[in-house]
**Student:** 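Sharing a structure with you now.
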Amino acid sequence: MTLTVASWNVNSIKARLPNVIEWLEDAKPDVACLQEIKTVDEAFPREEIERLGYNIEAHGQKTYNGVAILSRHPIEDVQARLPGDDEDEQARYLEAVISAETGPVRVASIYLPNGNPAPGPKYDYKLAWMERLYAHAGRLLAYEEPTILAGDYNCIPRDSDCWDMAEWEKDALALPQTRAAFRALKWLGYTEAFEQVDGRGHQYTFYDYQAGRWQKGHGIRIDHLLCSPQAADRLEGVDIQRATRGKPKASDHIPIVGTFAL
DNA sequence: ATGTCGTGCTGCGCACGA
């Protein structure tokens with residue numbers, strides 16, 4: 001059996017609904033982790049997506065942030081919010097267990113803080129959030145399950161993951177501390193799916209709407225699938241689905257889809 | 001290069017976040 005697990009920052013589920021529906025019909029991911037749904041759960045366009053055969057769990061808020069998990073298989077043990085700060089009201093983390101045919105697969109939909117401008121309180125929040133993710137991701141490894149932490153990490157891992165490092169070296173997405181915190185997740189025992197099966201430079205998942213970035217090929221790779229050993233062992237391929245970015249009313253992010261023998 | 005989107009209201013243009 002194969003299980004495909006996708007991550008896509010849709011930049012508003014309501015504004016993006018036609019694009020999301022077309023993508024679900026075309027790519028047919030088994031599991032889709034969405035970010036920046038930008039809506040409260042009550043206003044999530046549930047029926048339109050359920051009609052395509054998906055179960056839905058959402059953790060949203062008004063205007064900003066918001067994450068969701070869509071799955072063709074049953075969704076269990078849903079956990080919203082990243083542990084470690086009860087004061088944190090931003091909807092950036094949703095975790096659940098997917099009952100795949102071969103057994104349980106844990107997935108999380110992650111919208112990691114942007115952190116700009118850096119330095120400053122927003123960057124402090126980003127680094128603190130990454131520390132909380134580190135602590136939680138470490139605890140998840142103890143389950144020894146296939147686990148996929150999918151999301152918009154707002155981290156450019158390597159110089160070759162952007163078109164021009166000179167434009168990014170002082171940005172919260174590429175600062176050494178950001179990269180170190182991302183690497184720390186890997187040292188825990190998580191495998192970054194794209195790096196594992198492909199690893200080429202300049203395979204971008206985000207192109208800013210501004211300044212004709214898409215037309216110029218000026219993108220960055222910031223959407224990632226982090227796999228526990230039990231998921232990494234089953235990883236067969238990763239696809240960055242560039243065609244979605246060229247569609248009318250596209251999100252500024254591109255879906256990344258991992259295929260697992262699960 | 002202050003360029004483009006999406007949201008929501010101090011609302012029919014603006015501020016904010018990205």
Side-chain angles (χ1 to χ4, degrees), chain A residues 7-23 33-46 48-49 58-68 82 87-94 109-130 133 150-157 161-175 177-179 181-182 204-224 242-256:
Chain A
S7 180
W8 192 15
N9 179 323
V10 296
N11 186 16
S12 170
I13 188 64
K14 285 186 277 189
R16 212 65 57 211
L17 190 58
N19 303 59
V20 171
I21 288 173
E22 184 183 11
W23 174 70
C33 297
L34 307 182
Q35 300 87 35
E36 277 206 273
I37 62 173
K38 290 187 172 180
T39 186
V40 293
D41 299 353
E42 297 71 41
F44 192 98
R46 189 165 274 281
E48 294 91 329
I49 290 173
H59 173 47
Q61 69 182 81
K62 196 165 81 170
T63 312
Y64 303 122
N65 310 317
V67 285
L82 183 63
E87 311 282 288
D88 186 0
E89 296 297 329
Q90 301 190 26
R92 296 180 174 277
Y93 187 88
L94 184 64
S109 183
I110 291 173
Y111 179 45
L112 210 141
N114 175 296
N116 281 304
K122 291 190 175 181
Y123 194 56
D124 295 342
Y125 173 67
K126 177 181 191 141
L127 292 178
W129 207 94
M130 292 182 91
L133 180 60
D152 174 1
Y153 280 77
N154 269 314
C155 175
I156 302 168
D161 294 316
C162 68
W163 79 94
D164 180 7
M165 200 50 209
E167 296 248 4
W168 289 95
E169 60 190 353
K170 292 185 163 55
D171 193 281
L173 279 61
L175 283 173
Q177 271 182 288
T178 306
R179 286 181 170 175
F182 186 70
Y204 306 131
T205 65
F206 171 87
Y207 295 81
D208 201 301
Y209 291 124
Q210 296 189 71
R213 297 288 199 219
W214 168 247
Q215 289 76 9
K216 293 176 186 165
H218 291 181
I220 55 179
R221 192 173 70 88
I222 57 175
D223 298 271
H224 309 297
R242 287 179 55 80
T244 59
R245 187 64 181 81
K247 305 255 184 193
K249 292 268 290 172
S251 169
D252 41 7
H253 288 256
I254 293 173
I256 171 174

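By convention in this document, chain letters (A, B, ...) are assigned in the order of the sequence lines, proteins followed by strands, and residues within each chain are numbered from 1.
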**Student:** Judged by each residue's nearest nucleotide on DNA chain B, which is more toward the 5′ side, A/Ala15 or A/Lys216?
**Tutor:** A/Lys216

**Student:** Would you tell me if any nitrogen or oxygen in the side chain of A/Arg213 comes within less than 4.0 Å of OP1 or OP2 on B/dG3?
**Tutor:** no

**Student:** Salt bridge check: are A/Arg213 and A/Asp208 linked by an N-O gap of less than 4.0 Å?
**Tutor:** no

**Student:** With the side chain of A/Glu36 defined as its heavy atoms from C-beta on, choose the nearest nucleotide among B/dG6, B/dT7, B/dA18.
**Tutor:** B/dA18

**Student:** Among A/Asn154, A/Asp124, A/Ile110, find the one that has a side-chain contact (heavy atoms from CB on, under 4.5 Å) with A/Trp129.
**Tutor:** A/Ile110

**Student:** At less than 4.0 Å, is any side-chain N or O atom of A/Lys62 found next to OP1 or OP2 of B/dC9? Yes or no.
**Tutor:** yes

**Student:** Pick base, sugar-phosphate or nothing for A/Tyr111, based on heavy-atom distances below 4.0 Å to the nucleic acid.
**Tutor:** sugar-phosphate

**Student:** Between C1' on B/dT7 and CG on A/Asn65, what's the gap in Å once rounded to a whole number?
**Tutor:** 12 Å

**Student:** OP1 or OP2 of B/dG6 less than 4.0 angstrom from a side-chain nitrogen or oxygen of A/Lys249, does that happen here?
**Tutor:** yes

**Student:** Checking side-chain polar atoms at under 3.5 Å, does A/Tyr209 have a donor or acceptor matched by the opposite partner on A/Asn11?
**Tutor:** yes

**Student:** Can you tell me the distance, in whole Å, between the CD atom of A/Glu89 and the P atom of B/dG17?
**Tutor:** 17 Å

**Student:** Check the distance between B/dG3's P and A/Asp252's CG and give it to me in whole angstrom.
**Tutor:** 17 Å

**Student:** A/Asn11 has an atom CG; how far is it from atom P of B/dT7, in whole Å?
**Tutor:** 7 Å

**Student:** Once you round it to whole Å, what is the distance between P of B/dG6 and CG of A/Asn9?
**Tutor:** 12 Å

**Student:** Please report, rounded to the nearest Å, how far the P atom of B/dG3 is from the CD atom of A/Glu167.
**Tutor:** 16 Å

**Student:** Is there a side-chain contact between A/Thr205 and A/Ile222 (heavy atoms, below 4.5 Å)?
**Tutor:** yes

**Student:** Return the 5'-most residue of the pair A/Ile37, A/Gln210 with respect to DNA chain B, ranking by each residue's nearest nucleotide.
**Tutor:** A/Gln210

